[in-house]
Structures are given as structure tokens and as C-alpha cells.
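Following: one structure in C-alpha cells, then a few remarks.
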Number of protein chains: 2
Amino acid sequence: MSDDEARRMSAEDRREQILAAASVVFGERGYAGGTTDAIAHEAGVSQAYVVRMFGGKENLFREAAERASRLVLEAFRTTAAGFTGDETIHDKRMALGFAYTNLMSDRGTLLTLLHLFSLGHDETFGPLGRACFLDVYRVTRDEAGMSAQEASDFFAQGMLTTVLLAMRMPDAQDDPAAMDLMTCTFGEQVTDLIRLTQMQTPLGTSAR
Amino acid sequence: MSDDEARRMSAEDRREQILAAASVVFGERGYAGGTTDAIAHEAGVSQAYVVRMFGGKENLFREAAERASRLVLEAFRTTAAGFTGDETIHDKRMALGFAYTNLMSDRGTLLTLLHLFSLGHDETFGPLGRACFLDVYRVTRDEAGMSAQEASDFFAQGMLTTVLLAMRMPDAQDDPAAMDLMTCTFGEQVTDLIRLTQMQTPLGTSAR
DNA sequence: TCCGGTTGTAATCGAGTGATTACTACAGTT
DNA sequence: AACTGTAGTAATCACTCGATTACAACCGGA
């Protein structure tokens with residue numbers, strides 16, 4: 001991505017770099033649409049190396065999805081750990097919501113998760129997606145101390161936020177209806193999220 | 001799907017049949033993952049015919065997505081047309097929510113839309129997805145008479161519902177956390193939606 | 001300095017997939 | 001009955017993509 005000269009790095013670093021690239025590509029094109037070649041190109045290595053290091057596309061997607069899930073989990077855990085216990089539900093929503101939208105700067109992370117969730121029928125990724133989702137749900141309930149209804153409302157808003165960003169709704173900001181919807185859904189972070197989305201230009205090669 | 005002997009039907013009927021099949025396949029596997037061959041098999045025709053009738057996979061997906069969007073739009077319009085004007089917001093949410101989840105029985109329709117929304121970066125499908133979404137939003141605002149905030153909340157719940165069904169969360173009903181979440185999110189329609197999901201077994205061939 | 005392990009690539013293979021072509025079978029019309 | 005347009009398919013092509021193989025380049029020790 002930004003490394004012209006970075007040959008022969010440690011396998012561990014290369015791994016993380018490829019996972020980050022996979023997150024971007026899978027986030028944009030989904031599992032079926034994301035090619036190992038595009039990921040390799042994004043990471044600046046050869047396609048053969050990507051495949052061999054992860055033992056196949058399926059394992060690569062699994063690890064990329066698990067990484068994305070872990071990032072969300074850690075963000076929520078960290079935020080919840082800062083709670084004193086006398087926050088209002090509004091305070092909690094704002095704090096966790098901010099932590100969530102902060103993950104948007106890691107372009108691809110949340111979109112990869114969304115793609116994982118859309119594979120519910122898959123024998124491998126279906127159970128994985130449900131497990132990842134429920135992990136985050138449990139943290140929200142148990143560590144952030146939300147009730148079931150509060151958590152449902154919070155996740156609902158999070159899902160709409162994620163889908164609006166996946167569909168690049170900020171690109172339609174000339175439409176007043178789109179602005180109305182985004183203003184209500186994104187709340188205080190409207191301008192930030194719109195600006196962020198428009199900085200994130202699609203992959204180099206024409207998509208699909 | 002259910003027609004062994006139905007040869008030589010009118011092009012118009014065949015068209016609708018193929019679109020319904022495409023909705024199922026694209027809903028399950030997404031645009032990139034859904035093959036014209038799987039759609040042809042689901043519709044009981046040859047792959048060549050599918051491609052020729054729609055002039056390519058891209059056009060087929062576009063028409064399938066537009067059909068799905070139209071189904072949602074019509075369901076909302078019909079429901080809103082029955083409003084007298086003195087419904088509470090709770091009444092409206094319940095009525096539109098019921099209309100929405102009723103669309104779930106058309107397996108594939110809402111999942112195809114979700115996949116369309118995940119293609120926001122695409123030069124063709126991005127604008128289409130945003131337009132479809134905003135059409136439904138405007139009907140909810142203008143014809144069902146919801147405020148911006150009410151519509152945002154309603155769509156948020158709808159998105160979470162859709163994603164939970166896409167990930168087949170009902171398959172995890174043994175997990176108490178999953179049941180908590182679904183009970184709060186689906187409301188009165190928990191049992192219906194869970195039963196419906198479990199009737200909808202994946203496509204014949206192993207997925208992906 | 002040679003050596004062995006690790007990082008990495010070029011070349012290529014085979015399966016899957018969208019598209020095209022050339023063809024067949026049927027139904028309505030005169 | 002012959003004609004004509006429409007519904008539909010088998011066969012096959014061209015290309016993409018994941019995977020494999022064989023090899024090269026680099027580096028740290030003994």
C-alpha cells in the first residue's frame with residue numbers, strides 16, 4: 001500500500017500486513033468477489049505467497065474476519081472498562097458508538113464483518129459469523145452493562161450505520177432525503193463519517 | 001423449483017420465474033458468488049437461456065435487485081395506504097414491520113437487497129442501491145408519515161432484523177444470548193421468523 | 001565460507017464460469 | 001402442409017482465479 005521498499009520482512013509482520021490488505025479487499029468485494037491476487041497486490045507481495053502463507057483463500061478470509069471481530073471486541077472492551085457504573089444509557093451509547101465508528105477509519109474492518117454475516121448459510125462461515133456477533137453482544141450486555149432491549153436498540157443503530165456506509169450513502173449527500181437519514185442515524189458524527197467515507201476511495205483497479 | 005413438466009411457457013412467465021430464482025441464488029451467495037448456472041438450475045432452464053434472456057449476469061442482477069426493491073416498495077405503499085391518519089408511531093412501526101417481515105417468506109428478496117447495499121463502491125450497483133434505499137425511505141417518510149428520527153429508528157431495527165436473518169441467527173437458538181437478542185429485536189414475530197428461517201433450507205448444492 | 005532455513009517469486013495448471021454459436025422443437029397462421 | 005417466429009438447448013470458447021511447483025535471493029550462524 002505505502003511501502004515501495006520493504007522486502008524481506010519478518011513473517012509475522014507480513015502476516016499482519018496481508019491480513020490488513022485482505023480486510024480492505026474482502027470488505028469491498030466480499031468473500032467470493034475478493035481475489036487473492038487483489039489482496040496480494042494491495043499488500044505488495046505475490047499471489048502465490050498469500051495463498052501459501054494462509055493455506056488457501058478460505059483460511060485467509062477466516063483469519064481476516066476473526067481479526068476484524070477481535071478489533072471490534074477490543075474496542076468495546078476498552079470502552080466498557082472505562083465505565084464507572086453511573087453512566088446513563090445515553091452515555092454508554094455515545095461512548096460505544098464512538099468506539100464503533102472509530103473503527104471505520106480502518107477501512108474494511110466493519111465491511112468484512114458485514115460480508116461475514118451475509119454468509120449465514122455457509123457451513124464454515126455461518127457458525128463463525130454468529131459466534132463473532134454474539135461475542136460482541138455479550139460484551140455489550142455483561143461488560144458495558146446494557147439491558148437486552150438497550151443492546152438491541154444499540155446494535156440496530158450500528159447495523160444501519162454500517163449498511164449506510166457500505167452502500168456509500170455519503171456519495172448521495174446532494175439528495176436531501178439522504179442527508180436527513182444520515183443526520184438522524186449518525187448523530188453527532190455525521191460530518192466525520194461523511195468526510196471519512198469520501199476520503200476512502202475504492203481500490204486501484206476498477207471494482208467487481 | 002417445483003415444476004418438472006412446464007416446458008415452453010411464455011417468455012414473460014419464464015422471465016419472472018428466472019428472476020425469482022435469481023433472487024434466491026443472489027440472496028444466498030451474493031453477486032460475485034451467484035452463478036448463472038445455479039440460477040438456471042433453480043429455474044429449471046439452461047444456463048445459456050438465462051444469459052441470453054437478460055443479456056448478461058450484470059443485467060440479471062440489476063433486474064433481480066430492482067424487482068426486490070419494488071416488492072418492498074409495494075408492500076410499504078399498500079400498508080401506508082391503509083393508514084387513516086390517527087395511528088400512533090407504534091401502530092405504524094408494527095404495521096410496516098409486519099409488512100417487512102412478511103417479505104421474508106419470499107426467501108431471497110431481502111437478502112438480495114442486502115447484497116446490493118454491500119456493493120456501494122461499484123460504479124453501476126452503488127448508485128442503484130442508494131436509489132432503491134432512498135425510494136423506500138421517502139415512502140416511509142411521505143406516505144407513512146414518519147418523522148426523520150422515527151424513520152431512522154425504524155430502518156435501524158429493520159436492518160438488524162435483516163442481518164440477523166442473513167446470518168441465520170435462529171440456527172443459534174440454543175444460545176441464550178442469541179434468544180435474548182432475537183426476542184428483543186423481532187418483538188412479537190420471534191417465533192414466526194425463527195420457524196420461517198428454519199424452513200428455508202439452503203440451496204440443493206453445497207453453498208459457496 | 002559454506003550451509004541451512006526462511007522469505008519470496010515466476011510459471012503454469014486445472015477447475016469453474018460467463019458468454020457465444022449453431023442448432024432443434026414447438027406453436028400459431030395462412 | 002408449408003412457413004415463420006419464438007422457446008429452448010448442447011457444445012464449446014475464452015478467460016479468471018486459486019492452487020501448486022520449482023526455483024531464486026537473502027541472512028544468520030558454526
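Residue numbers start from 1 in every chain, and the chains themselves are labelled A, B, ... in the order their sequence lines are given, proteins ahead of strands. Excluded from the calculations below are hydrogen atoms, water molecules and symmetry mates; all remaining heavy atoms, backbone and side chain alike, are included.
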Round to the nearest Å and state the distance from [X] atom [atom1] to [N] atom [atom2].
| X | N | atom1 | atom2 | answer |
| --- | --- | --- | --- | --- |
| R14(A) | dA25(D) | CZ | C1' | 14 Å |
| D37(A) | dG18(D) | CG | P | 8 Å |
| R15(A) | dT6(C) | CZ | P | 15 Å |
| M9(A) | dG8(C) | CE | P | 7 Å |
| H41(A) | dG18(D) | NE2 | P | 15 Å |
| F54(B) | dA19(C) | CZ | P | 13 Å |
| I39(A) | dC17(D) | CD1 | P | 12 Å |
| E12(A) | dT6(C) | CD | C1' | 15 Å |

Whichever of G56(A) and M53(B) has its nearest DNA chain D nucleotide further upstream toward 5' =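 The 5'-side residue here is M53(B).
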Which sits closer to the 5' end of DNA chain D, Q47(B) or A32(A), going by the nucleotide each is nearest to?
->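 Closer to the 5' end of DNA chain D: Q47(B).
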Is any side-chain nitrogen or oxygen of Y49(A) closer than 4.0 Å to OP1 or OP2 of dG8(C)?
->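 Indeed, a polar side-chain atom of Y49(A) lies that close.
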Does T35(A) place a side-chain N or O at less than 4.0 Å from the phosphate oxygens OP1/OP2 of dC17(D)?
->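 For dC17(D), neither OP1 nor OP2 has a side-chain N or O of T35(A) closer than 4.0 Å.
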Can you find a side-chain donor-acceptor pair between R93(A) and Q157(A) that sits under 3.5 Å?
->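 There is such a pair between these side chains.
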Give each protein N/O atom lying under 3.5 Å from an N/O atom of nucleotides 22-27 of chain C, with the pair distance.
from	atom 1	to	atom 2	distance (Å)
dC26(C)	O2	R8(B)	NH2	3.0

What's the separation between atom [atom1] in [X] and atom [atom2] in [Y], rounded to the nearest 0.5 Å?
| X | Y | atom1 | atom2 | result |
| --- | --- | --- | --- | --- |
| R138(A) | F76(A) | CZ | CZ | 14.5 Å |
| M169(A) | L193(A) | CE | CG | 13.5 Å |
| S118(B) | L113(B) | OG | CG | 11.0 Å |

Can we say R141(B) and E150(B) salt-bridge, meaning some charged N sits less than 4.0 Å from an Asp/Glu carboxylate O?
->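 Salt bridge absent between R141(B) and E150(B).
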Geometric cation-pi criterion R15(B) and F54(B), 6.0 Å radius, 45° cone |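 Yes, a cation-pi geometry.
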Distance under 6.0 Å and angle within 45° of ring axis: K57(A) vs F26(A) =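 Because its charged atom misses either the 6.0 Å distance or the 45° angle limit, K57(A) does not stack over F26(A).
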Which of these nucleotides, [options], is closest to any side-chain atom of [X]?
| X | options | result |
| --- | --- | --- |
| V51(B) | dA7(D), dA19(C), dT9(C) | dA19(C) |
| A48(A) | dC17(D), dT20(D), dA11(D) | dT20(D) |
| K57(B) | dT7(C), dA19(D), dA19(C) | dA19(C) |

Which part of the nucleic acid, if any, lies within reach of G55(B) when heavy atoms closer than 4.0 Å are counted: base, sugar-phosphate only, or nothing?
->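 Result for G55(B) = nothing.
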Under 4.0 Å between any heavy atoms, over every strand shown, what does S46(B) touch: base, sugar-phosphate, or nothing? Just pick one.
->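 Answer is base: heavy atoms of S46(B) come under 4.0 Å of a base.
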